[in-house]
Amino acid sequence: MLAMTSSEQTMAMQIAPVPPSALGESPFWHPADRRLYWCDIQGLRIHAWDPASGQQQSWATPSEPGCCAPTDQGRIVIGLRDGFGLLDPATGHITMLAGLDHDPRQFRLNDGRCDRAGRFWAGSLFAPKTAPEAALWCLRAVDNGGYAVQRMAGDCTTANGLAFSPDDAWLYWADTPAHRIDRFAFDLDTGTLGARALWKAFAPRTQGRLYGGRPDGACVDTRGHYWVAMYEGGCVLRLDPQGEVVQRIETPVCCPTMVCLGGEDLRTLYITSAAHGRPEEERRAAVPAGALMHCRVEVPGLPVNCFREA
């Protein structure tokens with residue numbers, strides 16, 4: 001157990017006894033399974049870990065799994081390089097649900113989650129990172145028993161930080177290389193987005209200036225506070241609904257990637273991290289890059305939303 005100091009209090013950070021991920025992302029707590037699920041994007045795996053028993057299970061994916069979420073039928077919906085798939089944990093079989101109108105040689109799906117109506121939202125990543133060509137996509141079941149995908153927004157390079165406010169009034173969406181988090185007005189009933197506006201900007205890396213990292217994956221708690229992993233910043237920040245930082249939790253790794261609130265009372269903050277592309281000394285550290293971490297927090301999170309299968 002490592003004692004990590006935050007700006008508000010001392011947090012007891014624990015390291016889960018699981019192998020490091022190459023690029024851990026998209027953790028969620030499954031209330032029925034009582035397990036934590038997450039993706040290893042570069043490792044081409046979906047993982048599940050039971051904190052009570054210590055047992056771990058994993059499934060291979062045909063391409064990089066950028067994000068995942070539970071379904072209402074006990075399966076796992078996944079955002080892959082070229083579209084959306086459905087994993088059956090009992091067999092490991094993945095069924096493709098829908099493709100995407102993008103070039104998989106340059107794009108792949110990245111961060112995502114479901115809304116309370118059962119739609120799966122996922123943003124993409126533009127691999128060259130030379131222009132804001134990535135997009136926000138929405139997968140939903142349709143009345144004929146199939147699935148439809150709609151492009152909902154663009155003007156992004158690496159989509160991250162997708163989260164919904166507790167009252168469903170807002171959808172948060174980050175562009176990691178741009179060091180910014182935007183916010184859309186959101187209509188849960190229709191699944192439509194309203195005006196988009198800058199919500200929080202972070203200072204870029206500048207010579208001679210303290211660098212705090214850039215926003216990666218995120219979640220929201222019951223008070224509407226936004227928890228975001230700061231890639232290369234070695235910390236997780238908690239922002240109030242006005243975008244002000246109210247808490248900072250240091251991590252023993254440089255590159256935390258995404259957070260979720262889970263456990264029986266939804267007050268355990270789980271944090272994935274990245275080893276891919278990191279220096280050898282970070283990979284061989286006492287807490288290696290790619291570790292899965294967790295600590296206790298005061299305010300609970302929201303239960304995970306399930307994807308509604310057709």
Hydrogens and angles aside, do Thr257 and Asp216 bring a side-chain donor and acceptor to less than 3.5 Å of each other? no

Just checking, any donor-acceptor pair under 3.5 angstrom between side chains of Glu309 and Thr71? yes

Tyr37 vs Phe28 aromatic rings, parallel, tilted or perpendicular, using cut-offs 30° and 60°? parallel

Judged by atom type as modelled, is there a donor-acceptor pair below 3.5 Å linking the side chain of Thr158 to the main-chain atoms of Leu125? no

Nearest-0.5 Å distance that lies between atom CD1 in Ile41 and atom SG in Cys67: 8.0 Å

Taking side chain as C-beta onward, heavy atoms only, is Met96 less than 4.5 Å from Asp82? yes

Identify the residue among His30, Gln55, Gln57 that makes a side-chain hydrogen bond (donor to acceptor under 3.5 Å, both in side chains) with Arg35. Gln57

In terms of hydrophobic clustering (I, L, V, M, F, W, Y; side-chain heavy atoms under 4.5 Å; direct or indirect links), are Ile15 and Val259 co-clustered? yes

In plain terms, say whether Glu232 and Arg278 are close enough for a salt bridge, that is, a side-chain N and a carboxylate O under 4.0 Å apart. yes

Flag side-chain contact, heavy atom, 4.5 Å: Phe307 against Leu139: yes

Just so I know, are the side chains of Pro252 and Met13 near enough to count as touching, which here means a heavy-atom distance under 4.5 Å? yes

Geometric class of the His294/Tyr270 ring pair [parallel <30°, tilted 30-60°, perpendicular >60°]: tilted

Reference residue Tyr226; test ring pair (Phe, Tyr, Trp, His ring centres under 6.0 Å); the match among Phe164, Trp170, Tyr172: Tyr172

Are Arg214 and Tyr231 in a cation-pi contact, defined as NZ or CZ under 6.0 Å from the six-membered ring centre and within 45° of the axis? no

ILVMFWY cluster, Phe184 and Trp121 together (side-chain gap under 4.5 Å): yes

Show, in sequence, the C-alpha distance, side-chain angles and deciding distance for Thr268 and Arg296, and conclude whether the side-chain hydrogen bond (donor to acceptor under 3.5 Å, both in side chains) test is met. CA-CA 5 Å; Thr268 298; Arg296 297 288 289 167; 2.9 Å; yes

